[in-house]
Amino acid sequence: MADGCQAAVPAALMHIGDSWLSAWVDGELTAAERHAAAAHLDACPHCTADLAGLAKVRGLVASLPVRRSPAGLLAAAAASARLAGAVGPSAGAGTVAASDTGPLTAARPHANRATQVAAGVAVLAGFLGGAAFTLGGQPLPQERVVRVPMDAFVADHLVRTGGGPVSAPVLVNGQP
Amino acid sequence: MNPGRQSAVATAAVLLLVPGLVAGPTDGPAEEDDHARAVLQRAAQANAELSYTGETLWVTWVDGAPSMSMFEVSSDRGALTVTAAERYTPRLTDDGSGMDDHVGGWTLPLPPVDPAAGSMAGLDDKYDVELDGAQDLLDRRCVRLEIVRRADDLLRERLWVDEETGLLLRRETFDVDGERARMAVYLALDLDPAELPRTTDRAGRSEERVADHDQTSTAVGARGIDALRQGGWTVPAELPGGYLPRGSFTASSAAGLSSDTAALQLVYGDGLYTVSLFQQPGSPDWTSLPPGAQHADGLDFVAYEWPGAVPQRLVWEARGSTWSLVGDAPRDEFAVIAAALPHHEPPDLVHRIGRGLRRLWTWVSQWG
């Protein structure tokens with residue numbers, strides 16, 4: 001740790017700095033540094049209290065649920081930072097998952113699922129309706145279908161009518 | 001005024017007041033119409049009174065193209081037999097080097113028709129029958145008649161009637177454009193045959209039947225007609241063009257119809273032409289139509305006809321029933337009649353989709 005706390009601190013004369021305490025909580029002190037800090041914490045109730053409070057805060061942050069950031073947030077933040085002259089976005093890893101896959105609106109997973117279901121139902125209904133319309137143009141198989149005995153009908157007509165009041169020279173059942 | 005002059009004036013006054021005394025018996029228009037009507041009536045009855053053999057030529061025109069058929073005919077007081085038919089359509093061979101003929105033939109004995117069937121009732125309401133002179137055919141003197149449709153002065157028929165026997169030797173039918181639609185003429189005629197071909201007896205029974213017509217159909221009376229109407233059958237009181245009812249019958253068993261698919265035959269006539277309207281409950285099996293059926297043009301619905309066939313025939317579907325129209329009316333009147341009868345209307349959207357869903361369900365349920 002590159003700050004003034006790297007040198008051994010006389011436990012009876014100075015407190016441990018916040019950086020030392022954070023490093024202790026994050027497990028980032030070397031063995032020697034940790035030995036020196038532990039010697040100080042044994043004799044310093046003030047630093048011991050600070051360490052306890054810092055560990056508690058860390059635990060509370062770790063208990064928060066992971067939330068997906070709105071799409072475009074990082075890009076918007078980076079653009080804003082560039083405009084402000086600041087260095088690029090921080091990692092912010094550990095507690096916030098970054099995502100950049102959609103409009104900059106609040107994510108609603110339940111609403112998306114309902115829309116997909118409704119769209120699927122609409123597509124299926126449209127397909128069924130189109131198929132039914134196409135297939136409905138013809139009589140159903142169980143509807144009665146009859147043979148047309150046209151030759152017999154012609155004979156019936158000729159017998160019953162003589163072909164007309166003024167018959168042609170011959171009445172024939174002819175066709176080209 | 002001297003007595004002589006008074007007598008002349010009186011005589012002139014009488015003659016002027018009583019024209020009938022001056023105009024003696026002459027053939028005015030009314031008398032000519034009566035004569036023409038009498039000739040036509042005689043032609044309608046001649047077939048039932050004569051025995052003869054002959055050779056006839058039939059020509060029908062479809063879209064201007066002629067189709068010819070020749071037949072040998074034998075008639076025994078109305079029992080008509082057609083034998084040794086030759087049918088051909090004149091057309092060029094594929095290489096254009098000559099005429100290509102299609103030869104075929106059949107025997108079609110027909111039982112004698114009901115003498116009362118040829119009613120000319122209503123003819124005078126629709127047509128004018130006019131004398132058109134005289135002409136010789138087959139060395140026989142013929143009276144030429146013209147039958148004109150009064151409503152539009154359209155020439156419908158031209159007939160050549162043998163003066164001696166009343167037999168109709170030639171007949172021409174004209175379409176709505178004034179063009180000949182069909183013609184039938186005797187090419188040879190023997191009015192005193194030594195022997196008639198015994199293919200049929202007086203009752204029309206024959207062992208050589210090709211078209212076996214079993215006379216088992218029954219007439220349907222007025223009460224039956226009322227019952228049919230109440231049952232949902234369509235029984236028009238008349239058909240457009242002045243076609244009045246002539247009789248109603250059930251179709252014969254020779255039609256191959258079972259009791260649950262019986263057909264109703266309704267006969268109509270306008271005094272010159274007759275048509276029969278057949279109704280069958282159910283949709284038509286289009287594959288059962290005789291060969292030669294073609295989609296009918298000029299109608300607003302799907303129908304099939306046999307162009308050039310005599311008698312004409314038309315079949316279509318409407319309201320769950322199959323309709324068949326058979327008759328000798330010209331094609332334009334045929335179309336008017338068919339258009340006035342129920343014809344297929346596309347099902348409404350709800351009905352069509354419902355029917356399609358039922359069809360889909362039958363497919364799915366077969367897999368279940």
Side-chain angles (χ1 to χ4, degrees), chain A residues 102 108-176, chain B residues 40 43-44 47 56 58 67 69 71 73 82 89 108 110-111 113 117-120 168 171 184 186 211 213 247 249 251-252 254-256 261 265 267 271-274 276 278 280 282-285 288-290 292 306 308-311 313 315 322 324 326 328 352-353 355-360:
Chain A
R108 296 177 181 270
H110 297 294
N112 283 340
R113 185 174 301 111
T115 301
Q116 291 173 356
V117 170
V121 170
V123 170
L124 181 61
F127 173 77
L128 283 177
F133 180 84
T134 301
L135 296 173
Q138 297 298 326
L140 293 174
Q142 58 269 27
E143 295 180 357
R144 175 180 290 176
V145 178
V146 295
R147 187 176 60 88
V148 183
M150 184 56 70
D151 290 343
F153 286 168
V154 170
D156 283 338
H157 169 76
L158 293 175
V159 167
R160 291 299 181 185
T161 68
V166 184
S167 302
V170 60
L171 302 169
V172 296
N173 186 6
Q175 63 185 65
Chain B
L40 185 64
N47 263 337
T56 63
W58 267 90
S67 174
S69 303
F71 308 90
V73 180
V82 179
T89 300
L108 185 67
L110 296 173
V113 301
S119 172
M120 297 176 63
L168 185 60
R171 178 175 179 175
Y186 277 105
H213 191 275
F249 312 91
S252 65
T261 58
Q265 177 186 6
V267 181
L272 181 59
Y273 305 117
T274 57
S276 288
F278 295 87
Q280 296 171 264
S283 300
D285 177 8
S288 68
L289 298 182
W306 287 256
V310 179
R313 55 212 79 170
V315 59
T322 299
S324 301
V326 179
D328 62 341
R352 179 165 180 165
I353 290 180
R355 189 160 67 178
L357 289 175
R358 289 200 298 274
R359 184 186 295 271
L360 286 172

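Small disclaimer: the values here were computed from a predicted structure and weren't measured. Protein chains get the first letters and strands the later ones, always in sequence-line order, with residue 1 at the start of each.
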- Query: Taking it one step at a time, do A:V146 and B:S283 satisfy side chain to side chain contact (heavy atoms under 4.5 Å, CB included)?
  - Reply: CA-CA 6 Å; A:V146 295; B:S283 300; over 6 Å; no
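- A:V145 has its side chain out of reach of B:P284: every pair of non-hydrogen atoms, C-beta onward, lies at least 4.5 Å apart.
- The two atoms that bring B:L360 and A:A131 nearest to each other are CD1-CB, 4.3 Å, heavy atoms only.
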- Where do B:V267 and A:H157 land on the side chain to side chain contact (heavy atoms under 4.5 Å, CB included) test, with the steps shown first? CA-CA 8 Å; B:V267 181; A:H157 169 76; 5.6 Å; no
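- When all heavy atoms of A:M150 and B:V326 are compared, the closest pair comes out as SD-CG2, 4.0 Å.
- Minimum heavy-atom separation, B:F278 to A:F153: CZ-O, 3.3 Å.
- Note that CZ of A:R147 and OG1 of B:T322 are 12.0 Å apart. Values are rounded to the nearest 0.5 Å.
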